[in-house]
Amino acid sequence: MTSADAAGTGIVTDRPRPVILICATGGTIAGSAAAVDDQHYRAGVFSVETLTGAVPGLGDRVDLRTEEFFALDSVDLTLADRVRLARHLQDVLDGDDAPDGIVVTHGTDSMEETAYVLHLLLDTEVPVVLTGAMRPADDPGADGPANLADAVAVAADAAARGLGTLVVFGGQVLGARDVTKRTAGRLDAFECLHGPLGHVLEGRLVVGARPARAFGPTSAFRLSDLPDPLPAVEILVSHPEMTPALVRAVARSGAAGLVHGGPGGGNVSRPVVAMLDEAHRDGLVVVRASRLGFGPTARNGDISDDEHDWVCAGDLPPVKARVLLALALTRTRDTAELQRLFDTH
Ligand code: SIN
């Protein structure tokens with residue numbers, strides 16, 4: 001549906017102007033400090049029209065469509081909610097009047113999980129961009145408007161096609177697989193272990209790298225194949241004095257998988273090795289990740305994954321390893337095949 005960028009605007013579409021859907025889901029970008037006095041602020045208070053209205057000229061170069069899918073603090077979003085959002089966006093993208101780009105406004109606390117779910121599941125070349133804010137919309141120094149302006153510019157830019165799902169935040173363009181919220185205290189809260197894919201310069205996308213792993217059209221996962229609910233996967237951040245009862249409780253909870261967040265490169269203390277071995281014998285698939293949340297974990301590094309029949313998360317942090325394991329368990333329980341999915345997605 002695209003044609004050449006004759007005007008040299010960076011925007012490519014058959015329409016007079018690209019159509020950008022802004023799908024709001026809540027978060028601090030729509031939050032209010034004034035709405036409550038019993039807590040710092042409340043997420044997801046302001047309408048999507050209020051957010052777009054706060055950005056001068058946002059609709060000057062694009063035709064905006066808006067919708068509110070959730071109005072939630074992202075800490076409350078479940079994996080099922082994220083898959084529901086993916087199904088909705090895929091329906092929009094498959095529709096007759098599909099937009100040229102999509103921006104999802106989202107809370108920052110679990111933005112990386114939603115971004116990774118959309119990245120793995122959306123079968124599209126169309127740019128899908130998540131953004132949010134560290135400060136509520138009614139804060140005098142609100143960062144949401146600048147982030148939203150950048151996100152719309154990226155979603156409308158032909159250079160963003162085929163990059164999968166992106167997080168645009170603080171002027172950076174971050175790949176969904178690698179992006180991690182690194183701090184709750186700074187406006188540049190997000191970082192990628194291997195650096196950003198690009199940045200926004202004077203309202204234009206500058207691309208410096210492309211995603212290295214399978215996603216969207218090349219991913220092993222299809223929305224139409226997913227069971228509901230997905231297999232349950234728990235995360236334990238561990239230390240040597242962890243009670244074995246905790247791991248046994250996970251094994252007996254009906255969970256299919258356990259992501260172990262260990263110190264440093266995903267190391268496992270001796271007492272915990274025994275607990276994980278027992279859990280594996282009880283049927284849990286065990287993934288070894290780093291509790292740093294910023295990897296990497298080397299397969300058969302300090303400890304032998306082969307010997308214990310564990311999957312190594314590589315450079316995925318525990319929260320993303322949980323997402324990938326839940327999806328991967330819908331295809332296989334074989335450790336070698338699970339490891340292959342972890343190495344390629
Ligand atoms: C949320 O994640 O919904 C609240 C926090 C934020 O957006 O920064």
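As the structure lists them, so they are numbered: ligands from 1, and atoms in each ligand from 1.
- With R288 as the partner, the side chain to side chain donor-acceptor pair (under 3.5 Å) test is satisfied by one option alone out of D305, T297, N267: D305.
- Considering only residues two or more places apart in sequence or on other chains, R281 meets the salt bridge (charged side-chain N to carboxylate O under 4.0 Å, His left out) condition with none of them.
- When each atom of ligand 1 is checked for a heavy atom of G107 under 4.0 Å away, the hits are 1 (C), 2 (O), 3 (O), 7 (O).
- For the pair H106 and ligand 1, the shortest N or O to N or O distance does not fall below 3.5 Å.
- Side-chain contact of D109 with S74: a donor-acceptor pair under 3.5 Å is absent, judged by distance alone.
- Tested against L148, the residues D143, V168, V129, T105 include a single side-chain contact (heavy atoms from CB on, under 4.5 Å) partner, T105.
- At distances below 3.5 Å, not a single donor-acceptor pair connects side-chain atoms of K320 with backbone N or O atoms of D315.
- Closest to atom 8 (O) of ligand 1, if we only count protein heavy atoms, is T108 OG1, 2.4 Å.
- The nearest heavy-atom contact from the protein to atom 6 (C) of ligand 1 is T28 OG1, 2.8 Å.
- Closest protein heavy atom to atom 4 (C) of ligand 1: Y41 OH, 3.3 Å.
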Could you walk me through whether E337 and R331 pass the salt bridge (Lys or Arg N to Asp or Glu O under 4.0 Å) check?
CA-CA 9 Å; E337 179 59 8; R331 295 185 56 96; 5.3 Å; no
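- When only non-hydrogen protein atoms are considered, atom 3 (O) of ligand 1 lies nearest to S74 N, 2.6 Å.
- Heavy atoms of A133 come nearer than 4.0 angstrom to ligand 1 in at least one pair.
- The N/O atoms of S110, backbone and side chain alike, include none that comes under 3.5 Å of an N/O atom in ligand 1.
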